[in-house]
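See structure below.
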Amino acid sequence: MALDAETLDLLIEATRTFVTERLVPLEAEVAETGVIPPQVREEMQALGLFGLSISPEYGGLGLNMEEEVRIAMELGRTSPAFRSLAGTNIGIGSQAIVLAGTDEQRNAYLPRLASGELIGSFALTEPDAGSDALSLRTSARRDGDHYVLNGTKRFITNAPIAGLFSVMARTGEGRKADAISCFLVEAGTPGLSLGKPDRKMGQAGAQTCDVVFDACRVPASALLGGQEGTGFRTAMRVLDKGRLHISAVCVGMAERLIAESVRYATQRKQFGQPISEFQLVQAMIADSQAEAYAARCMVLDAARKRDRGEPTTMEASCCKLFATEMVGRVADRAVQIHGGSGYVAEYAVERFYRDVRLFRLYEGTSQIQQLVIAREAIKAYAE
Ligand code: COS
């Protein structure tokens, strides 16, 4: 454990209280306006949520993976937009620097990412390179002491508020990992511009847009780790961790959906009794509970394995596949238990049903997780 048990319990408790008392009451407003009130960001900063996974050396809490997923489960119990605000700093927006940055890069950015003063964003996906990340086209051409970036990144989480982008760009030819490098590009660099905010099916308040590089010049010191050709493998390692974190968020959301379902089912009466007394409703609650518990166990097991320093590429994908599909089924049952009320915006489950759809898509679709799992399993069992 990176924290002693008592401190971890206090942090979990503080996060739970913050979620329940502060964030849950704001859910409807954020869904309506698409804006998270600025004070919420400050309160999340004060709790240390932006720096969960960044070492104390740089001002973070330095949680290990088990500790991080336990906090992510708490954050999962409310609208995913809140988690998303700190999510890139905890995960994909900081971890490339943690894993592969030079000392100068770590010193320059990690303290401000850990405090939440700076928002980090991860720019891998492109209009023609989604699941097939190796085929990305954004280029970085060396020009003396600089690189010049050209290309478009798509669906970039937190881009509208980001101060720093980890950008995967091509420094070589061909569909191979060695051809891709990672650059740390600051917002405001001439040649970097943003598209208009995406209008999404759900997760209002979580902001995404295109990031466009048009002859964007960055100093050679912006090359992550000072080494060309390592960006793709770093991105994959970042995603191995991110997929576990997202799985934990899905566990928290599933538990919230079950709580909403039980609350409704015990209050709603039909045929002269609460609908929770009907076995067909109970079956839906039972299936959701069993599946959420299975996902919780998987995520904790994979996180502990990662903390022991063992490879967890396959386990992370197993968790991402199971937990994201699971929460989709749980949300569907939650709407079913709510009946017609589950289809109207007054009830949280209507919104969560739309929100959770994204989990099966970002940080690798379910189909990409299947592909990774199958490859790793075939390798392991063939040995
Ligand atoms: N950790 C470290 N290195 C990894 C890795 C991992 N988890 N996964 C792949 N690599 C390395 C491979 O070892 C390989 O290196 P070598 O060239 O030295 O052999 C290299 O990266 C290329 O990998 P691979 O040959 O497996 O590439 P493929 O195109 O066949 O598959 C997938 C790569 C499909 C797994 C990858 O593109 C992917 O995850 N796509 C989804 C992208 C995604 O999640 N997007 C979400 C956007 S970010 S929110």
Side-chain angles (χ1 to χ4, degrees), residues 65 80 83-84 87-96 98-100 119-138 152-159 162 165-182 198 200 203 206-211 224-225 227-247 249-250 302 305-306 309-321 323-324 357-380:
M65 199 67 217
R83 196 282 323 176
S84 199
T88 50
N89 281 34
I90 300 167
I92 55 178
S94 72
Q95 291 304 301
V98 169
L99 285 171
I119 298 287
S121 197
F122 182 75
L124 172 67
T125 300
E126 299 184 356
D128 293 317
S131 290
D132 183 8
L134 264 186
S135 71
L136 65 83
R137 289 206 219 135
T138 295
T152 298
K153 297 292 180 179
R154 182 139 294 172
F155 309 137
I156 304 305
T157 302
N158 280 342
F165 296 88
S166 304
V167 184
M168 295 336 124
R170 183 166 286 289
T171 43
E173 297 299 319
R175 205 186 154 288
K176 53 184 199 295
D178 293 343
I180 294 169
S181 304
C182 177
D198 297 321
K200 308 187 299 305
Q203 301 211 5
Q207 308 191 43
T208 66
C209 70
D210 279 6
V211 181
L224 183 75
Q227 243 189 319
E228 285 189 11
T230 57
F232 187 80
R233 286 184 204 91
T234 301
M236 291 299 115
R237 288 169 64 208
V238 166
L239 287 171
D240 279 349
K241 179 170 184 296
R243 288 166 182 169
L244 268 179
H245 179 101
I246 294 293
S247 306
V249 172
C250 292
K305 192 167 178 190
R306 190 183 158 94
E310 296 172 37
T312 48
T313 296
M314 183 178 76
E315 287 77 0
S317 284
C318 287
C319 289
K320 171 79 168 46
L321 173 65
T324 62
R357 191 62 185 82
L358 183 58
F359 292 133
R360 288 152 66 189
L361 303 171
Y362 70 2
E363 300 209 18
T365 60
S366 291
Q367 289 66 34
I368 287 297
Q369 309 312 325
Q370 288 174 311
L371 186 143
V372 172
I373 296 164
R375 277 187 190 176
E376 295 291 323
I378 290 166
K379 231 190 311 175

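Predicted, not measured: the structure shown is a model, and the values here were computed from it. Order of listing sets the numbers, starting from 1, for every ligand and every atom in it. We count residues from 1, following the sequence as given.
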State, to 0.1 Å, how close [X] and [Y] come at their nearest heavy-atom pair, and which atoms those are.
X      : Y      : answer
Ile368 : Arg243 : CG2-NH2, 4.3 Å
Leu124 : Lys153 : O-NZ, 3.0 Å
Ala133 : Met236 : CB-CE, 4.5 Å
Phe359 : Thr324 : O-CG2, 3.2 Å
Val211 : Ala159 : CG2-CB, 3.7 Å

[atom]: protein heavy atom closer than 4.0 Å?
atom                    : value
atom 12 (C) of ligand 1 : no
atom 4 (C) of ligand 1  : yes
atom 16 (P) of ligand 1 : yes

Enumerated ligand 1 atoms positioned under 4.0 Å from heavy atoms of [X]:
X      : result
Leu239 : 43 (C), 44 (O), 48 (S)
Ala177 : 20 (C)
Thr125 : 47 (C)
Asp240 : 1 (N), 6 (C), 7 (N)
Thr313 : 7 (N)
Ala133 : 37 (O)
Arg237 : 1 (N), 2 (C)

When you look at CZ of Phe155, are more than 12 heavy atoms from neighbouring residues, nucleotides or ligands closer to it than 6.0 Å?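 No.
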
Quick check on Glu173: does its CD atom have over 12 non-hydrogen neighbours (other residues, nucleotides or ligands) under 6.0 Å away?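 Result for CD/Glu173: open.
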
Just how far is it from atom CD of Gln207 to atom CD1 of Ile156, taken to the nearest 0.5 Å?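 Answer rounded to 0.5 Å: 14.0 Å.
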
Distance in Å, Leu136 CG paired with Ile180 CD1, rounded so as to fall on 0.5 Å steps: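 Nearest 0.5 Å value for the CG-CD1 distance: 4.0 Å.
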
Quick test of your reading of the structure: of [options], whose heavy atom lies closest to [atom]?
atom                    : options                        : result
atom 39 (O) of ligand 1 : Glu126, Arg175, Arg243, Gln367 : Arg243
atom 46 (C) of ligand 1 : Gly242, Ser135, Gly364         : Gly364
atom 31 (O) of ligand 1 : Lys153, Met236, Arg375         : Arg375

Residue-level breakdown please: for Lys176 versus ligand 1, do any non-hydrogen atoms fall below 4.0 Å on the side chain, on the backbone, on both, or on neither?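 Within the 4.0 Å criterion, Lys176 makes no contact with ligand 1.
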
Just to be sure I read this right, does ligand 1 sit under 4.0 Å from the backbone of Glu376, its side chain, both, or neither, counting only heavy atoms?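 Looking at Glu376 and ligand 1, no heavy atom falls under 4.0 Å.
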
Can you tell me if Phe232 contacts ligand 1 (heavy atom of the residue under 4.0 Å from the ligand)?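 Per 4.0 Å heavy-atom rule, Phe232 contacts ligand 1.
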
Side chains of Ser121 and Asn158: is there a donor and an acceptor less than 3.5 Å apart?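 On atom types as modelled, these side chains do not qualify, holding no pair under 3.5 Å.
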
Do Thr152 and Asp210 get their side chains close enough for a donor-acceptor pair, meaning under 3.5 Å?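 No, no side-chain donor-acceptor pair sits under 3.5 Å.
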
Would you say ligand 1 has an N or O under 3.5 Å from any N or O of Leu371?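 There is no such contact.
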
Asp132 N/O to ligand 1 N/O under 3.5 Å: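 No, no N or O pair falls under 3.5 Å.
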
Could you check [atom] against the protein and tell me its nearest heavy-atom contact, residue, atom and distance included?
atom                    : value
atom 35 (C) of ligand 1 : Val372 CG2, 3.9 Å
atom 42 (C) of ligand 1 : Gly130 O, 3.9 Å
atom 27 (O) of ligand 1 : Leu134 CD1, 3.7 Å
atom 18 (O) of ligand 1 : Arg233 NH2, 3.1 Å
atom 37 (O) of ligand 1 : Ser131 O, 3.3 Å

Heavy-atom check, side chain of Ser135 versus side chain of Asp128, under 4.5 Å: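 Heavy-atom side-chain distance check fails, nothing below 4.5 Å.
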
Min side-chain heavy-atom separation Glu315-Arg306 under 4.5 Å: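 The answer is no, as the side chains (C-beta and beyond) never meet within the 4.5 Å cut-off.
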
Applying side-chain contact (heavy atoms from CB on, under 4.5 Å) between Thr313 and each of Ile373, Leu239, Val372, report the one that passes.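 It is Val372, the one option of Ile373, Leu239, Val372 that forms the side-chain contact (heavy atoms from CB on, under 4.5 Å) with Thr313.
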
